[in-house]
Every structure is written in structure tokens, then in C-alpha cells.
Amino acid sequence: QVQLVESGGGLVHPGESLRLSCDVSGFAQRDYTIGWFRQAPGKEREGVACFRNSDRSNTHADSVKGRFTVSRDYTKNTIYLQMNNLKPGDTGRYYCSGRYGRLLLSACMSPDGYAYWGQGTQVTVSE
């Protein structure tokens with residue numbers, strides 16, 4: 001049974017940093033894709049970053065490029081989302097998602113492609 005557990009959210013001021021963690025378990029093979037998504041109140045869920053475990057390739061949404069970085073710690077089976085220079089517009093609930101197989105990086109920002117979801121962790125950026 002695939003399980004994804006997020007942690008690391010919190011309340012920060014603009015310009016500060018947070019590192020979100022997604023503890024991954026239950027995938028029966030190494031070929032899977034992990035996505036990070038966020039959802040603000042009244043808005044649709046949007047893709048932030050994704051990571052392909054088989055070849056370690058990744059991509060980030062234009063809105064976060066240069067500020068957010070997705071990475072993997074193979075010793076801990078954890079996917080991280082390092083978020084620097086946070087802005088109020090980054091506020092939302094952040095979700096880790098997963099699916100078997102590798103998505104095209106051009107398509108991995110759509111939530112429709114993912115079968116497994118964590119419960120999310122709240123990120124609030126405010127003065």
C-alpha cells in the first residue's frame with residue numbers, strides 16, 4: 001500500500017524559507033513519479049514540482065523556478081521541497097502525490113495523473 005506523508009509546513013514571513021518533506025513508502029518498484037502540488041482557498045490545485053525516481057529528472061513550475069527545489073534523499077526514502085524566498089502568493093496547502101511509472105516532465109504538473117495523495121501540510125506566508 002503506497003503511503004505519502006508530508007511534513008514541514010508552517011507560518012513564515014516573506015523572504016524566509018521552509019523545507020517540506022514527503023516520506024514515501026509502499027511502491028513495489030523503483031519506477032514511479034512524485035509530484036508536489038499546492039492549493040489555496042478558492043483556487044484549483046496547481047503543480048509545483050515533480051520528480052521521477054527512475055532517472056532522478058525533475059521539473060518546477062515557472063512560478064517557483066529559482067526559488068523552489070525538489071530533491072530526494074535515498075537513505076531516507078524522502079522527497080524534499082526546499083522553498084526559498086517565500087512570498088504571500090505561495091500560501092496554501094501543499095500535497096505530495098505519487099504514481100507508478102514515469103510521466104513526461106511536460107505532463108507531470110497535472111493532478112489528474114496521480115493515484116496516491118498525502119494529507120497535505122499547510123504553508124502560510126504572511127507579514
Side-chain angles (χ1 to χ4, degrees):
Q1 182 76 6
V2 174
Q3 287 191 316
L4 305 168
V5 181
E6 305 95 333
S7 61
L11 171 62
V12 296
H13 298 300
E16 294 184 341
S17 299
L18 280 174
R19 188 178 75 166
L20 305 184
S21 299
C22 174
D23 292 328
V24 179
S25 64
F27 279 106
Q29 62 188 46
R30 295 177 59 186
D31 192 7
Y32 59 85
T33 301
I34 297 293
W36 279 103
F37 292 81
R38 66 186 180 189
Q39 189 165 20
K43 294 188 177 181
E44 291 187 354
R45 192 168 294 189
E46 65 168 332
V48 176
C50 58
F51 181 92
R52 294 196 317 205
N53 189 61
S54 57
D55 60 6
R56 307 187 186 190
S57 59
N58 60 80
T59 192
H60 301 77
D62 288 342
S63 59
V64 305
K65 276 181 181 175
R67 299 188 299 122
F68 291 13
T69 304
V70 63
S71 64
R72 162 105 196 228
D73 183 340
Y74 283 89
T75 66
K76 298 181 179 180
N77 238 18
T78 300
I79 306 289
Y80 297 107
L81 185 67
Q82 177 67 43
M83 307 187 297
N84 298 328
N85 190 23
L86 282 160
K87 304 176 181 181
D90 296 318
T91 294
R93 192 160 186 87
Y94 282 68
Y95 297 89
C96 177
S97 61
R99 60 157 288 159
Y100 280 101
R102 62 184 73 181
L103 288 171
L104 292 175
L105 292 180
S106 59
C108 68
M109 295 293 184
S110 170
D112 295 338
Y114 294 87
Y116 307 101
W117 291 85
Q119 293 301 305
T121 184
Q122 180 67 32
V123 172
T124 303
V125 185
S126 179
E127 292 287 358

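- For the pair Val2/Trp117, no side-chain contact is recorded, criterion being any heavy-atom separation below 4.5 Å from C-beta on.
- If you chain together hydrophobic residues whose side chains sit under 4.5 Å apart, Trp36 and Tyr100 fall into the same group.
- Cys50 is listed as a side-chain neighbour of Thr59, based on a closest heavy-atom distance under 4.5 Å.
- Looking at Arg99 and Thr33, their side chains never bring a donor and an acceptor atom within 3.5 Å of each other.
- Without hydrogens or angle criteria, Asn53 side chain to Arg30 main chain gives a donor-acceptor distance under 3.5 Å.
- Phe37 and Leu18 fall into different hydrophobic clusters, where Ile, Leu, Val, Met, Phe, Trp and Tyr side chains are chained together by heavy-atom contacts under 4.5 Å.
- Put simply, the side chain of Thr69 never gets that close to the backbone of Gln82: no donor and acceptor are under 3.5 Å apart.
- Contact annotation: the side chain of Gln122 approaches that of Thr91 to within less than 4.5 Å [non-hydrogen atoms, C-beta and beyond].
- At a threshold of 4.5 Å between side-chain heavy atoms, the hydrophobic network of Ile, Leu, Val, Met, Phe, Trp and Tyr places Ile34 and Met109 in two separate groups.
- For the atom pair CG of Asn77 and CZ of Arg72, the computed distance is 4.5 Å after rounding to the nearest 0.5 Å.
- Taken together through direct or relayed side-chain contacts under 4.5 Å among Ile, Leu, Val, Met, Phe, Trp and Tyr, Ile79 and Met83 form part of one hydrophobic cluster.
- The backbone N or O of Arg102 sits nowhere less than 3.5 Å from a side-chain atom of Arg52 that would complete a donor-acceptor pair.
- Leu20 places a side-chain heavy atom less than 4.5 Å from the side chain of Val123.
- Residues Val48 and Tyr80 do not share a hydrophobic cluster, defined by chaining ILVMFWY side chains whose heavy atoms lie under 4.5 Å apart.
- With a 4.5 Å cut-off on side-chain heavy atoms, Asp23 and Leu4 do not count as touching.
- Pairing each heavy atom of Ser126 with each of His13, the nearest pair is O-ND1, 3.0 Å.
- Here the shortest heavy-atom pairing between Cys96 and Glu6 reads N-OE2, 2.8 Å.
- Here the closest heavy-atom approach between residue Ser17 and residue Val12 is recorded as O-CG1, 4.2 Å.
- Contact annotation: the side chain of Arg38 approaches that of Val64 to within less than 4.5 Å [non-hydrogen atoms, C-beta and beyond].
- For the atom pair OG (Ser25) and CD (Gln1), the distance works out to 9.0 Å, reported to the nearest 0.5 Å.
- Crowding of Glu44 atom CD: a count of heavy atoms from other residues, nucleotides or ligands under 6.0 Å not exceeding 12.
- Taking every heavy atom of both residues into account, Gly8 and Thr121 meet most closely at N-OG1, 4.1 Å.
- Side chain of Arg93 to main chain of Gly120: a donor-acceptor pair is present (N/O by atom type, distance under 3.5 Å, no hydrogens or angles).
- For the pairing with Tyr32, the ring pair (Phe, Tyr, Trp, His ring centres under 6.0 Å) check across Tyr116, Phe27, Tyr114, Phe51 returns one residue only, Phe27.
- Contact between Gln29 and Gly101 at its shortest, heavy atoms only, is NE2-N, 4.4 Å.
- Looking at every heavy atom in both residues, Ala61 comes nearest to Gly47 through CB-O, 3.5 Å.
- With salt bridges taken as basic N to acidic carboxylate O contacts below 4.0 Å, none links Lys87 and Asp90.
- Remark: side-chain polar atoms of His60 are not paired, donor with acceptor, to backbone N or O of Gly66 under 3.5 angstrom.
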